[in-house]
Amino acid sequence: MQADYVVVGAGSAGCAVACRLVEGGARVALLEAGPRDRNIRIHVPAALRPLLRDPTVNWNYSSEPVEGSAGRRISLPRGKVLGGSSSINGMLYVRGNPADYDGWAQRGCRGWSYDEVLPFFKQSEAYKQGGDPDYRGGNGPLKVEDYTTVLPLTHRFVEAAQQAGFPLTPDYNGGQQEGVGYSQMTRRGRFRGSTAQTYLRAVRGNPNLEIITGARAGPLLFDGRKCVGVTYRQDGQDKEIRANNEVILSGGTYNSPHLLQISGIGPAAHLKEIGVEVQHDLPGVGSNLADHFAARIKHHVHTGMTMNQLSRFPYVLPEVAKYVLFGNGALTFGVTSAIVFCRSRDGLSSPDLQLSFTPATPKDMGQGELEKEPGIQITALPVRAESRGTVMAGSADAYADPVIRPAYLTDENDVNVLVAGVQAVRRIFDAPALKEVSLGEYDPGHHVQSRDEIRQFTRETGGTIHHPVGTCKMGEDPAAVVDPQLRVHGVPGLRVMDASIMPTLTTGNTNAPAIMIGEKGAAMILADRKP
């Protein structure tokens, strides 16, 4: 079997890459380890929580026990289905801050400044509310819209944040990110707007696109040093597919470096240790793992409806009716209904904190059942985390899970920013708009005050916000894996296009940047195809 391009991974970036290449006239084979996105829970926004542990659509990875999480194994869900993690995420659309991309360019990633990536953000989206045309797009495949069903407690949060000194920002993806604003979502009316239901839908039926599901990628194929294809396992049979032009890895921050390593591309000493023949010594593969690790501050409330009640009988019945009849109500909710972007201290050029409001209180780190009592929470996370971990193949077995060792809160500045974030959250909760409905903080409680107490609380109870990046980082330095054209250093015919190429975290959720990477990556390939 052959195609012009083989895209490995039909996730947020992979679907964008495949769509744009097909539109450009190329023949594309898109491999996805999981099934088609037929699970009804994928498409109902508020049905998210069961998907975060569902092995039929989720890789269900977990971290190694590490100091940064007090020796706990942290659940690391990743989408294993058409649409990838965009089919199981909280649907928040956050591009990041211009300083993020200007920082990439200053690190040697030519062509990735904010002004250079903005056109790809714009062409990717159709923003329902319009917005400033200098920043927002109206004709792209990705459907983006403001929260349309907002509980009164969310309005109270936005008011309280302003009372605490944070300005109102009507569009944090527009000309000004800093401040408090209502969340924006990737949603198609009442349904989730995954990249499978937007980008792939746009080229459905095109004979130049072949989607192969249930196909778990194995070692890459080489002709000398050049990558010419990939093996995969489907229905218990080992198969292969060859690329006339290039193979594009879009497996994500955990799977892309793992596939490179089991194919012999990575740090030579480690590959030899696990019994993999070295194809190309590339030390940076699997290093530079960054993620957003957060503290959650919870309050019970005596006034106002929360998702804790709306998810249970009898309150859920009218919400189901609203969803079926009108396409609104609680079943259209994502995870976070409003956000503050702010600075942990004076003198910073851009925000380094995200404070996310949720009109609900999960029992665990955000993935399980909701509590019965009415409650609300604000999540504080350092968005420019400097702590760095690794993703490594544990053996030569191509189909074994990667070994994931995050390094949460090992950088002391990350701890400083986190402490400032918790203090900012408490200022918002103490503002009149929320204080008058709150029964008080119960998790962690006001006995947790000092820097060390906040760090220990977060290590013991905090969790990832599921934004892993960086393990195939872009650049020209010795630790870089891909160049600014996303070509793997030293391996012709092979590129990586997903969040793993990000040199650093962006200021906010990472789904929108991953899609932008797919858009820009496809444009670079199509430019290379021109005479």
Side-chain angles (χ1 to χ4, degrees), residues 68 92-107 109 112-114 117 157 161-162 164-169 171-181 183 288-297 336 338-357 378-389 406-429 451-452 454-455 457-459 462-470 473 499 502-513:
L92 284 177
Y93 183 80
V94 183
R95 293 178 176 178
N97 192 277
D100 302 330
Y101 305 102
D102 291 341
W104 292 4
Q106 291 164 11
R107 290 168 178 256
C109 300
W112 291 84
S113 70
Y114 179 67
V117 302
F157 166 79
Q162 293 175 80
F166 302 106
L168 180 66
T169 299
D171 179 5
Y172 57 71
N173 289 310
Q176 175 66 39
Q177 184 192 42
E178 190 165 6
V180 58
S183 297
N288 195 50
L289 171 64
D291 196 2
H292 288 143
F293 195 72
R296 293 176 170 90
I297 311 303
T336 296
I339 306 173
V340 172
F341 292 102
C342 61
R343 309 178 202 207
S344 63
R345 56 183 172 83
D346 293 335
L348 296 177
S349 60
S350 62
D352 61 346
L353 272 169
Q354 179 176 343
L355 313 177
S356 300
F357 176 78
I378 305 176
T379 302
L381 60 139
V383 285
R384 296 204 299 267
E386 294 294 334
S387 302
R388 293 293 185 269
Y408 305 127
L409 300 183
T410 54
D411 183 274
E412 288 303 310
N413 187 60
D414 292 353
V415 180
N416 294 336
V417 177
L418 175 74
V419 171
V422 171
Q423 292 168 342
V425 166
R426 285 172 166 166
R427 289 201 307 273
I428 294 172
F429 270 124
R451 181 180 189 274
D452 287 344
I454 292 172
R455 169 163 51 183
F457 161 72
T458 307
R459 282 179 169 171
T464 170
I465 309 299
H466 314 304
H467 301 157
V469 307
K473 82 164 188 170
M502 293 165 59
T504 59
L505 281 158
T506 52
T507 305
N509 303 64
T510 52
N511 188 243

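- Qualifying salt bridge (Lys or Arg N to Asp or Glu O under 4.0 Å) partners for D171, counting only residues two or more places apart in sequence or in other chains: R136.
- Scanning for salt bridge (Lys or Arg N to Asp or Glu O under 4.0 Å) contacts around R451 gives E412, with sequence neighbours left out.
- Y114 meets the ring pair (Phe, Tyr, Trp, His ring centres under 6.0 Å) test with no other residue; sequence neighbours excluded.
- Checked against ring pair (Phe, Tyr, Trp, His ring centres under 6.0 Å), W112 has no partners two or more places apart in sequence or in another chain.
- Partners of D411 under the side-chain contact (heavy atoms from CB on, under 4.5 Å) rule, at least two apart in sequence or in another chain, are E386, S387, N413, D414.
- Residues forming a side chain to side chain donor-acceptor pair (under 3.5 Å) with H292 (at least two apart in sequence, or on another chain): H467.
- Remark: P468 pairs with R78, T253, Y254, L289, D291 by the side-chain contact (heavy atoms from CB on, under 4.5 Å) rule, at least two apart or across chains.
- Under the side chain to side chain donor-acceptor pair (under 3.5 Å) criterion, T336 pairs with no residue, sequence neighbours left out.
- In this view, R343 and E178, L348, D352 satisfy the side-chain contact (heavy atoms from CB on, under 4.5 Å) rule, not counting sequence neighbours.
- Listed by chain and residue number, N97, A99, R384 satisfy the side-chain contact (heavy atoms from CB on, under 4.5 Å) test with S350 (two or more places apart in sequence, or in another chain).
- Partners of Y172 under the ring pair (Phe, Tyr, Trp, His ring centres under 6.0 Å) rule, at least two apart in sequence or in another chain, are F341.
- Residues passing the side chain to side chain donor-acceptor pair (under 3.5 Å) test with R426, sequence neighbours excluded: E441.
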